[in-house]
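A quick write-up on the structure given underneath.
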Amino acid sequence: MVNKIKLSEILLSNIVLLVISNLINGGRIDWTIEKNPSFWYEQARLSIEEVLQRRDNTGIAKNVILFLGDGMGISTITAGRIRKGQMNGQLGEDFLTEMEQFTHLGLSKTYNINFQTPDSAGTATAYLCGVKAQLGTIGVDGRAKRSNCTSSIGANVTSILDWAQKAGKKVGIITTTRITHATPAAAYAHVPERDWESYDTKNFGISQTQEGCLDIAHQLVLHSPPIDLLFGGGRKHFYPNTKSDIENSKLYGSRTDNRSLIDEFWRGRFIWNKTEMDKIILGTQTPLMGLFEHNHMYYETDRKPNRYDKPSLSQMTKFAIEHFLNMKQNGFFLLIEGGKIDHGHHETRARYALDEFVEFDNAIGQAKAILKEKGLLDDTLLVVTADHSHVFTMGAYSSRGSNILGFGSLENLNVSDIDKLPVNIIAYGNGPNFPSPRNATYLSSLDTNSSDYLSPAAQPLKDESHGGEDVAVYAHGPWSHLFVGTMEQHTIAHKMAYAACWGSYTNRNGCQSMIKPTTTTTTATTTTAPKSNGLNSFSQFKFINMIIIFLLILIFI
């Protein structure tokens, strides 16, 4: 009898722990179970156990994927986590995003060498080319002055995309902005002015050409060897202003030099919608350029009802990875940018920004799933970071599970203790909605869930500004343990190259001695580290725990 009692106690204990373990990682619809202290003790135990079981992967990265959330500051990640959880019918605060399941985490300093708060051009030059630069400049070092062509002559720097190509890898760029925009441009172009996207006379023209500079779109089609895959928007910068757009006859190209760059120079296939993308035979060696919009791509919130024939970020990601894997080449490099997170913030349209974050995180999940299925997850270095933050905040003492896009509560009352009116959970330090009206009639008329709704701003600006604080860097895979602590942003490019033995790190210690790039070793020993089937090291632990419980049930019965 005593043994049966002990056995039943053990059984009950294991069942409780298993339930708690699943709830900890599964996302919750209420917080009732959190009232029990054992819930938090078990959560802490699992967290410690996960770190203790972690082993550094020091194999050579066969593939490298850099996910760049433009404008994705830490407050955006937090609010985006809640938004994604609430879209799944949960409270949201305890939700775990795809990027947050990565094994290592650090912080990146984002300043440009001449600006405290940076822009996307100088920051992209840092994390892609490995050198910090002046604000507004792309693919050039600090000697280049913004908008000054002559200062940039001889200041070109190469990017990790170039290093990967030199190592014989396939390379690709995916963005939801124009393919000539600041982030993607830093992978292939060299200009002292980010607005030189096209020969349009207004920003770039004859004077810059005579001084020896070339616009970004022109540099892209001349890049040698050609970039294997290019997906994004911005068709207008490749066609003359006398030619109507392939999709909308009322729109025209931006070029005043009468050049049709894709027709004249592009050495590959060109597509402009998802239907054409779906017809591509995966693994085809011909370089592929897909420009799916005349300008930037649509916000994901608007794409769903209006642009189903244009691929989402996760759809483009899935295609690119499967395309490269079907080439059966010796690895690849991909830059995948969620560019319109930034655009939503600049407009203080939080719904847009957070929905873009959700789709960006979906793309990360899509990549993880494909690599896991192919057995390549632990041979691929995945890095997720941002170029800069925004003056975007969330707070207002909102109750647990409050709609992240709505109003908070103060002392259980959904009103301010000063003017007795509702307080927004989300606000901006500056932006167009200034001063935000504070009267009952106005506030009661608002639909904060609408993509048209502008969040309140503290200071007046036509466009909300970037933030200057550090941004997160998540990493998983070979040498992901390099991405910990507080780092200078330019070191990201070097750490990715180090992991893959590219660029200056081709002959580093360990590159030549590794016969098989997929072999991984621990830093503590020279033995081969065990392969993991996923990012969560507790999946095996949970499975074993379930087997033990099942056996105990059988014994008890």
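Side chains of Y127 and L66 form a contact here, defined as non-hydrogen atoms less than 4.5 Å apart. Side-chain contact between T175 and L68: absent, with no pair of heavy atoms (C-beta onward) separated by less than 4.5 Å. Residues D70 and I341 fail the side-chain proximity criterion, which asks for heavy atoms closer than 4.5 Å. The shortest distance between side-chain heavy atoms of T209 and F204 falls below 4.5 Å. Side chains of V383 and F67 form no contact here, defined as non-hydrogen atoms less than 4.5 Å apart. Side-chain contact between M277 and L288: absent, with no pair of heavy atoms (C-beta onward) separated by less than 4.5 Å. A heavy-atom distance below 4.5 Å is found between the side chains of F360 and M72. L282 has its side chain within reach of F319: a pair of non-hydrogen atoms, C-beta onward, lies under 4.5 Å apart.
With sequence neighbours left out, V157 forms a side-chain contact (heavy atoms from CB on, under 4.5 Å) with T125, C129, V131, D141. Applying the side-chain hydrogen bond (donor to acceptor under 3.5 Å, both in side chains) rule to D309 yields the partners T275; only residues at least two apart in sequence or on another chain are considered. Applying the salt bridge (Lys or Arg N to Asp or Glu O under 4.0 Å) rule to E322 yields the partners K318; only residues at least two apart in sequence or on another chain are considered. Partners of N114 under the side-chain hydrogen bond (donor to acceptor under 3.5 Å, both in side chains) rule, at least two apart in sequence or in another chain, are Q134. Taking the side-chain contact (heavy atoms from CB on, under 4.5 Å) definition, one finds that L371 meets it with I65, I321, L376, L377, T380, L382, sequence neighbours left out. By the salt bridge (Lys or Arg N to Asp or Glu O under 4.0 Å) test, D355 is found to be paired with R83, R351, residues two or more places apart in sequence or in another chain being considered. Legend: residues meeting side-chain contact (heavy atoms from CB on, under 4.5 Å) with H223, ordered by chain and number and at least two apart, are L161, D162, Q165, Y188, I227. Scanning for side-chain contact (heavy atoms from CB on, under 4.5 Å) contacts around S207 gives an empty result, with sequence neighbours left out. Listed by chain and residue number, E100 satisfy the salt bridge (Lys or Arg N to Asp or Glu O under 4.0 Å) test with R81 (two or more places apart in sequence, or in another chain). Residues passing the salt bridge (Lys or Arg N to Asp or Glu O under 4.0 Å) test with K310 are E247, E293, sequence neighbours excluded.
Between H346 and H466, the ring-plane angle classifies as tilted under the 30° and 60° cut-offs. Taking the six-membered ring for Trp and thresholds of 30 and 60 degrees, F102 and Y474 have ring planes more than 60 degrees apart, a perpendicular arrangement. Under the 30°/60° scheme for interplanar angles, the aromatic rings of F292 and F231 are found to stand perpendicular. Note on ring orientation: taking the six-membered ring where Trp is involved, the planes of H494 and H490 are perpendicular (angle over 60°, cut-offs 30° and 60°).
Pairing each heavy atom of T301 with each of S451, the nearest pair is CG2-CB, 4.5 Å. When all heavy atoms of M99 and I364 are compared, the pair lying nearest together is CE-CD1, 3.8 Å. Of all heavy-atom pairs between W196 and N203, the closest is NE1-O, 3.0 Å.
Side-chain contact annotation: H390 with Y428, donor-acceptor N/O pair under 3.5 Å absent. Side-chain polar atoms of K169 and N63 form no donor-acceptor pair below 3.5 angstrom. A donor-acceptor contact under 3.5 angstrom links the side chains of T150 and N148, judged on distance only. In this structure, a donor-acceptor pair under 3.5 Å is present between the side chains of H388 and S120. For H345 and Y352, the side-chain atoms include no donor-acceptor pair closer than 3.5 Å.
Ion pairing between R235 and D245 holds under the 4.0 Å rule for side-chain N and carboxylate O. For R146 and E193, the salt-bridge test passes: some basic side-chain N is under 4.0 Å from an acidic carboxylate O. The residues K279 and E276 are annotated as not salt-bridged, no charged nitrogen and carboxylate oxygen being separated by less than 4.0 angstrom.
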Return a table of donor-acceptor pairs under 3.5 angstrom between the side chains of residues 237-244 and protein atoms on other chains or two or more places apart.
from, atom 1, to, atom 2, distance (Å)
H237, ND1, S254, OG, 2.9
K243, NZ, D263, OD2, 3.4

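Put simply, the side chain of D387 gets close to the backbone of G71: a donor and an acceptor are under 3.5 Å apart.
Screening R255, K236, K202, R178 for a salt bridge (Lys or Arg N to Asp or Glu O under 4.0 Å) involving E197 leaves a single residue, R178.
More than 12 heavy-atom neighbours from other residues, nucleotides or ligands sit within 6.0 angstrom of CD on Q285.
The ring pair (Phe, Tyr, Trp, His ring centres under 6.0 Å) analysis of residues 254-274, with sequence neighbours excluded, yields the pairs H218-F265.
Under the 6.0 Å cut-off for aromatic ring centres, H476 and H104 do not qualify, their centroids lying 6.0 Å or more apart.
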request  = Would you sort out whether T110 and D470 count as a side chain to side chain contact (heavy atoms under 4.5 Å, CB included), showing the intermediate values?
outcome  = CA-CA 6 Å; T110 63; D470 299 349; 5.8 Å; no

request  = Please lay out, stage by stage, how L381 and M496 fare under the test side chain to side chain contact (heavy atoms under 4.5 Å, CB included).
outcome  = CA-CA 8 Å; L381 174 61; M496 290 189 295; 4.1 Å; yes

key: side chain to side chain contact (heavy atoms under 4.5 Å, CB included) assessment of S108 paired with I492   = CA-CA 9 Å; S108 167; I492 294 173; 4.1 Å; yes

